[in-house]
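Being a predicted model, the structure only gives us computed values, none of them experimental.
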Amino acid sequence: MDRKQHWDAVYAAKRTEELTWFQAEPAVSLALIRRAGVGPDETVLDVGGGTSLLSSFLLDEGFQEVSALDISAEALARAKGQMGVRAQEVEWIEADLLAFDPPRQWSLWHDRAVFHFLTEPEDREAYCRALNRGLEPGGHVIIATFAPDGPIRCSGLEVVRYSPQSLGAVLGSEYELKGSVPEAHETPKGGTQSFVYSWFQRRGKV
């Protein structure tokens with residue numbers, strides 16, 4: 001089963017509220033976006049957005065240019081359905097991030113729980129190529145991964161756990177670590193998963 005088939009199957013098997021990563025409110029992401037000073041007049045790309053409600057919350061805060069990318073058509077269709085008529089205010093991109101050639105650059109690259117699924121060096125390199133092409137100089141990156149004490153598997157797949165520093169080492173010297181926030185994420189079944197959100201700024205424009 002390839003990546004697309006895997007994630008289509010995952011989303012088809014459960015309701016949104018049953019997915020282990022479900023959040024009624026993406027509170028940590030929103031707090032870090034504000035802390036980074038990314039405002040409604042700037043552009044946001046949510047990679048691996050799935051059925052996340054982040055796009056909806058950003059529209060509520062006045063953002064005008066929000067894009068959401070996911071490999072799963074099933075996830076994107078459900079995300080659009082959740083938003084109703086407001087879905088037309090979001091740019092939806094169905095693509096495999098590892099083969100994605102960004103057509104433009106965004107001010108903020110947001111990723112909650114894609115990067116830690118990249119267990120092969122060549123996949124991490126492909127991710128970084130897309131990031132480097134898709135983020136403007138001086139832009140901000142927020143990546144949430146399982147923390148060093150987090151799970152070792154998720155959705156039937158192995159993961160790589162990160163500290164902010166080890167994640168920064170993969171991204172490279174072009175990205176400056178600006179801050180991080182730990183999160184004890186409560187799953188729908190009452191479990192707890194240890195995440196860390198790492199915020200970087202791409203060197204360049206001040």
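- A distance of 3.5 Å separates CG of Asp149 from OG of Ser194, quoted to the nearest 0.5 Å.
- Remark: the backbone N or O of Tyr11 is paired with a side-chain donor or acceptor of Arg78 at under 3.5 angstrom.
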Next on the checklist: Would Trp199 and His140 count as a side-chain hydrogen bond (donor to acceptor under 3.5 Å, both in side chains) here? Give the steps.
Outcome noted: CA-CA 7 Å; Trp199 160 36; His140 298 270; 3.0 Å; yes
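- Cation-pi geometry between Arg112 and Phe195 is satisfied (NZ or CZ under 6.0 Å from the ring centre, within 45° of the ring normal).
- Side-chain polar atoms of Glu186 and Gln23 form no donor-acceptor pair below 3.5 angstrom.
- Judged by distance alone, the side chains of Arg15 and Thr51 never bring a donor and an acceptor atom under 3.5 Å apart.
- Using modelled atom types, one finds no donor on one side chain facing an acceptor on the other under 3.5 Å when comparing His185 with Thr192.
- Pairing each heavy atom of Val160 with each of Leu118, the nearest pair is CG2-O, 3.9 Å.
- We find the CZ-CG distance between Arg86 and Asp60 to be 4.5 Å, quoted to the nearest 0.5 Å.
- Panel note: side chain Asp46, backbone Ala68; no donor-acceptor pair is recorded below 3.5 Å.
- Side chain of Glu61 to main chain of Leu58: no donor-acceptor pair is present (N/O by atom type, distance under 3.5 Å, no hydrogens or angles).
- The main-chain N or O of Ala113 is found under 3.5 Å from a side-chain atom of Asp111 such that the two form a donor-acceptor pair.
- Side chains of Asn132 and Tyr175: a donor-acceptor N/O pair is present below 3.5 angstrom, by distance only.
- For the pair Phe115/Val47, no side-chain contact is recorded, criterion being any heavy-atom separation below 4.5 Å from C-beta on.
- Looking at Asp96 and Arg3, a side-chain N of the basic residue comes within less than 4.0 Å of a carboxylate O on the acidic one, giving a salt bridge.
- Contact check for Glu74 versus Trp7: no side-chain heavy atoms found under the 4.5 Å cut-off.
- Two residues are said to be in side-chain contact when any heavy atoms from C-beta on lie closer than 4.5 Å; Met83 and Leu53 fail this criterion.
- Of the possible polar contacts, one joining the Gln64 side chain to the Gly62 backbone as a donor-acceptor pair under 3.5 Å is found.
- Checking Ser67 against Glu91 by side-chain atom types alone, a donor-acceptor pair falls below 3.5 Å.
- Shortest non-hydrogen contact noted between Cys128 and Leu171 is SG-CD2, 4.1 Å.
- Thr43 places a side-chain N or O within donor-acceptor distance of the main-chain N or O of Ser107, the cut-off being under 3.5 Å.
- A donor-acceptor distance shorter than 3.5 angstrom exists from the side chain of His116 to the backbone of Phe146, with no hydrogens or angles considered.
- A salt bridge is absent between Arg129 and Glu122: the closest approach of a Lys/Arg side-chain nitrogen to an acidic carboxylate oxygen does not fall below 4.0 angstrom.
- Of all the heavy atoms in Leu54 and Ser29, the pair that sits closest is CD1-CB, 4.3 Å.
- Trp106 and Leu76 end up in different hydrophobic clusters when Ile, Leu, Val, Met, Phe, Trp and Tyr side chains are linked at under 4.5 Å.
- One finds no salt bridge joining Glu136 and Arg202 here, because no Lys/Arg side-chain nitrogen approaches an Asp/Glu carboxylate oxygen to under 4.0 Å.
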